Amino acid sequence: MLTISIPLALLLLSSWLFPAKRLWEASTIASLLLATLSLTWFYSHKTFLFINPYFTIDQISSPLLVLTCWLTAPTLLASQSKISKEPISRQRAYIFTIIMLQTTTLLAFLANNLVLFFIMFEATMIPTLIVITRWGAQKERMMAGTYLLFYTLFGSMALLTALLFFHENIGTLSLSTLKDLPSQFNSLPLAPMWWIACFLAFLIKMPLYGVHLWLPKAHVEAPIAGSMILAGTLLKLGGYGILRMGLVMDDSLLTMAPPLIIFSLLGVFLSAILCSRQTDLKSLIAFSSVSHMGLVIAASMIKTEWSIAGSMILMISHGLVSSALFCLANTSYERTNSRTMMLLQGSQIIFPLTAAWWLTATLLNLALPPSLNFIGELSILTSLFQWSNFTLILTGLSIIFTTSYSLYLFWSSQREHLPPHTKLLIPTQTREHALLALHIIPILFITLKPTMIY
C-alpha cells in the first residue's frame with residue numbers, strides 16, 4: 001500500500017510544487033509511475049489483502065483500482081493541448097482537481113466499511129462538478145452539473161438511510177464482517193424495501209436506463225478529462241457497489257431481481273436504438289455506455305460465477321474502450337470545433353493513422369471476437385441464457401443494434417466524401433497516438449489472459 005500511497009501523495013503535491021515550464025511533463029511522468037506500481041495489485045487480487053480495518057483489496061476491487069490508476073496519465077495527456085494555454089494558476093487547479101478525483105475514487109474502491117465507502121462515493125461528485133462547470137466549454141454546463149447533482153443526491157439519500165438502518169439493526173457495516181452474516185439482512189423488517197433503497201444510488205450511478213438522463217448531458221458538456229474519468233472509472237463505482245452489496249446480502253432477497261434484470265436488458269436494447277439516431281459524437285458514445293452498463297447490471301443481479309466474472313471483464317474493457325473513443329472524439333473536436341458527425345466525414349483521407357485507431361476502438365466496442373469485450377459479453381449472455389431462455393430475444397436484438405451503431409459511428413465520422421472545410425486541418429501529434437496506445441494496448445494484453453481480471 002505504501003508503494004502506491006507515497007507516489008499518489010507526490011502526484012497531488014506536484015500540481016502546486018513543480019515549476020510551470022515542466023508542470024505537464026512532471027505530472028504525466030508521476031502518474032505513469034503510479035500506474036506502473038499499481039500493476040502489482042494484479043498479483044494480489046486472488047486473495048483477500050487486509051491492509052487495515054478501513055481498507056482492503058480483494059478480487060473485485062483490485063482490477064478497478066488498477067484501471068483508476070492507469071487512466072490518470074491518459075487523462076492528463078488528453079487535456080494538455082487545450083488547458084496548457086490557460087493561466088498557470090488554472091492549469092495547476094485543473095491538474096489538482098483531476099488527481100483529487102482519482103484519489104477519492106481509489107479510496108472508494110479500497111474502503112472496507114460501507115459508511116467510508118458512502119463518503120468516498122459522494123466525495124467523487126465534488127471534483128466532477130468542478131471539472132464540468134468550470135472547464136466545460138458550453139453554456140449548458142451548469143444545467144449538466146445540476147442534473148448530475150440532483151440525480152446522484154436523490155439515490156444517495158436512500159442509500160444513506162438504508163446504511164444507517166443496517167447499522168442500527170446489525171451493529172456493524174464492515175464488509176469483511178457482513179460477508180459472514182448474510183442471513184441478518186433477510187430477518188430485517190421490510191427487507192425488500194431496504195434492498196431497493198440500497199441499490200438505487202448504484203443504479204443511478206451506472207446508470208440504469210430511465211435514470212440515465214444526467215449522463216449524456218454530463219458527457220457532452222464536460223471537457224475531455226471529465227468524459228474520460230466519467231466513462232472510465234466513475235460509472236464503475238455503481239457496478240462495484242452492486243457487486244459488493246450483492247455479496248453481503250442473502251440470496252433470498254434476489255426475488256426482487258427478475259424485474260430489474262428484464263428492465264435493464266430492455267434498457268440495453270433501447271439505448272442501442274437511441275445510439276443509431278444520434279448526430280453528436282460524444283452523445284452517441286455516452287448512450288453506448290448506458291447500453292453496456294445495462295448488461296453489467298443484469299449480470300450483477302444474477303450472482304453466478306460466470307455473470308460476476310463477465311461483469312468485471314466488461315467493466316474493465318468498457319472503461320478503456322469508451323475512454324479511447326472519447327479521446328478520438330476530442331482529437332476531431334480540437335481541429336474542427338464540431339462534434340457533428342456529418343461535418344467530420346471523410347477524415348480517413350487526411351488522417352489515415354487516426355482512422356486506424358477509430359476502426360480498432362469501434363471493433364472493440366462492438367465486441368469483435370476474440371476481444372476483451374467479447375469475452376465479457378459472452379460470459380454475461382451465457383449466464384443470462386441459463387437464467388432464462390427468453391433473454392436471448394432482447395440480447396440478440398441488442399447485439400444487432402450495437403453492431404449497427406458502431407459501424408454507423410465509424411462510417412459517419414471517417415468515410416464518405418471530404419468536406420471542403422476539413423482540408424487544412426492540423427496533423428495528429430505523437431502525444432495523441434501515445435494516448436490512444438495507452439488505451440488499446442492494455443486491452444490487447446488482457447485479451448491474451450483475461451484471468452488477470454477475475
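Note that the coordinates shown come from a computational prediction; the quantities given were computed from them, not determined experimentally. Position 1 is the first residue of the sequence; numbering continues from there.
Taking 4.5 Å as the limit, some side-chain heavy atom of C69 sits within range of a side-chain heavy atom of W41. Between H439 and V321, every side-chain heavy-atom pair lies at or beyond the 4.5 Å cut-off. Contact of the S300 side chain with the I308 side chain is not registered, since no non-hydrogen atoms from C-beta on lie closer than 4.5 Å. In this structure the side chain of L436 never reaches within 4.5 angstrom of the side chain of T360, judged on heavy atoms. K82 has its side chain out of reach of P223: every pair of non-hydrogen atoms, C-beta onward, lies at least 4.5 Å apart. Residues R92 and I88 have side chains in contact (heavy-atom distance under 4.5 Å, counting atoms from C-beta outward). You'll find the side chain of L359 stays beyond 4.5 Å of the side chain of Q414, heavy atoms only. For the pair E377 and I313, the minimum side-chain heavy-atom distance is 4.5 Å or more.
For the atom pair CG (L328) and OG1 (T362), the distance works out to 8.0 Å, reported to the nearest 0.5 Å. Considering CG of L281 and CG of L343, their distance stands at 11.5 Å, rounded to 0.5 Å. Once rounded to the nearest 0.5 Å, the distance linking CD1 of I261 with CD1 of I302 reads 4.5 Å. A distance of 6.5 Å separates CG of L77 from CG of L438, quoted to the nearest 0.5 Å. Remark: M228 CE to L325 CG distance equals 11.5 Å, nearest 0.5 Å. Note that CG of N365 and CG of L409 are 7.5 Å apart. Values are rounded to the nearest 0.5 Å.
Under the 6.0 Å cut-off for aromatic ring centres, H219 and F326 qualify, their centroids lying closer than that.
Minimum heavy-atom separation, K236 to M315: CE-O, 2.9 Å. Taking all atoms of both residues into account, the shortest heavy-atom contact from S307 to A299 is OG-O, 3.1 Å. Closest approach of G319 and S322 over heavy atoms only: O-OG, 3.8 Å. The heavy-atom pair separating L203 from V211 by the smallest distance is O-CG2, 4.0 Å. Of all non-hydrogen atoms in A355 and F410, the two that sit nearest each other are O-CE1, 3.6 Å. The heavy-atom pair separating I57 from S62 by the smallest distance is CG2-CB, 3.6 Å.
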Exercise. side-chain contact (heavy atoms from CB on, under 4.5 Å) between H433 and W357: does it pass, once the steps are laid out?
Worked result: CA-CA 9 Å; H433 293 302; W357 287 119; 3.0 Å; yes
Exercise. Please walk me through it: do I262 and L266 pass side-chain contact (heavy atoms from CB on, under 4.5 Å)?
Worked result: CA-CA 6 Å; I262 297 300; L266 188 63; 5.6 Å; no
Problem set entry | side-chain contact (heavy atoms from CB on, under 4.5 Å) between Q102 and T233, worked out | CA-CA 8 Å; Q102 299 289 49; T233 56; 3.7 Å; yes
For this session: Dump the intermediate steps for side chain to side chain donor-acceptor pair (under 3.5 Å) on S79 and Y94, then the final yes or no.
Result: CA-CA 9 Å; S79 309; Y94 183 86; 2.9 Å; yes
Problem set entry | Trace of the side-chain contact (heavy atoms from CB on, under 4.5 Å) decision for Y408 with M341 | CA-CA 10 Å; Y408 161 68; M341 286 187 282; 3.5 Å; yes
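By the 6.0 Å contact criterion, CD1 on I426 is open, its count of non-hydrogen atoms from other residues, nucleotides or ligands being 12 or less.
Residues in residues 332-354 take part in no ring-ring contact (aromatic ring centres under 6.0 Å, His included) pair, two or more places apart or across chains. Sorted by first and then second residue, the salt bridge (charged side-chain N to carboxylate O under 4.0 Å, His left out) pairs involving residues 273-288 (not counting sequence neighbours) are D280-R339.
No donor-acceptor pair under 3.5 Å is formed between the side chain of S323 and the backbone N or O of L320. At distances below 3.5 Å, at least one donor-acceptor pair connects side-chain atoms of T391 with backbone N or O atoms of L384. The closest donor-acceptor contact from the side chain of Q278 to the backbone of L274 lies under 3.5 Å. S276 places a side-chain N or O within 3.5 Å of a backbone atom of A272 that can act as its donor or acceptor partner. Using modelled atom types, no side-chain atom of S291 and backbone atom of F287 make a donor-acceptor pair closer than 3.5 Å. The main-chain N or O of L149 is never found under 3.5 Å from a side-chain atom of T152 such that the two would form a donor-acceptor pair. Side-chain atoms of S338 come within 3.5 Å of backbone atoms of T340 as a donor-acceptor pair (strictly under, hydrogens ignored). Looking at W16, its side chain never comes within 3.5 Å of a backbone N or O of A93 through a donor-acceptor pair. A distance-only check finds no donor-acceptor pair linking the side chain of S271 to the backbone of V290 [under 3.5 Å].
The aromatic rings of F117 and F202 lie tilted to each other, with the angle between the two planes from 30° to 60°.
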Show me the side-chain donor-acceptor pairs of residues 21-30 shorter than 3.5 Å, one per line, residues at least two apart or across chains.
residue : atom : partner : partner atom : Å
W24     : NE1  : Q91     : OE1          : 2.8
S27     : OG   : L23     : O            : 2.9
T28     : OG1  : W24     : O            : 2.7

Side chains of residues 124-136: which donor-acceptor pairs under 3.5 Å do they make with residues two or more places apart or in other chains?
residue : atom : partner : partner atom : Å
T124    : OG1  : F121    : O            : 2.7
T128    : OG1  : T124    : O            : 2.6
T133    : OG1  : L129    : O            : 2.6
W135    : NE1  : E86     : OE1          : 3.3

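The side chain to side chain contact (heavy atoms under 4.5 Å, CB included) test applied to E432 returns T331, E334, R335, T428, Q429, not counting sequence neighbours. F118 pairs by the side chain to side chain contact (heavy atoms under 4.5 Å, CB included) definition with E122, S156, L159, L160, L163, not counting sequence neighbours.
At a cut-off of 3.5 Å, with distance as the only test, a side-chain donor of Q348 or R415 sits close to an acceptor on the other residue. Donor-acceptor pairing under 3.5 Å is recorded for the side chains of Y240 and R244. Side chains of T75 and T72: a donor-acceptor N/O pair is absent below 3.5 angstrom, by distance only.
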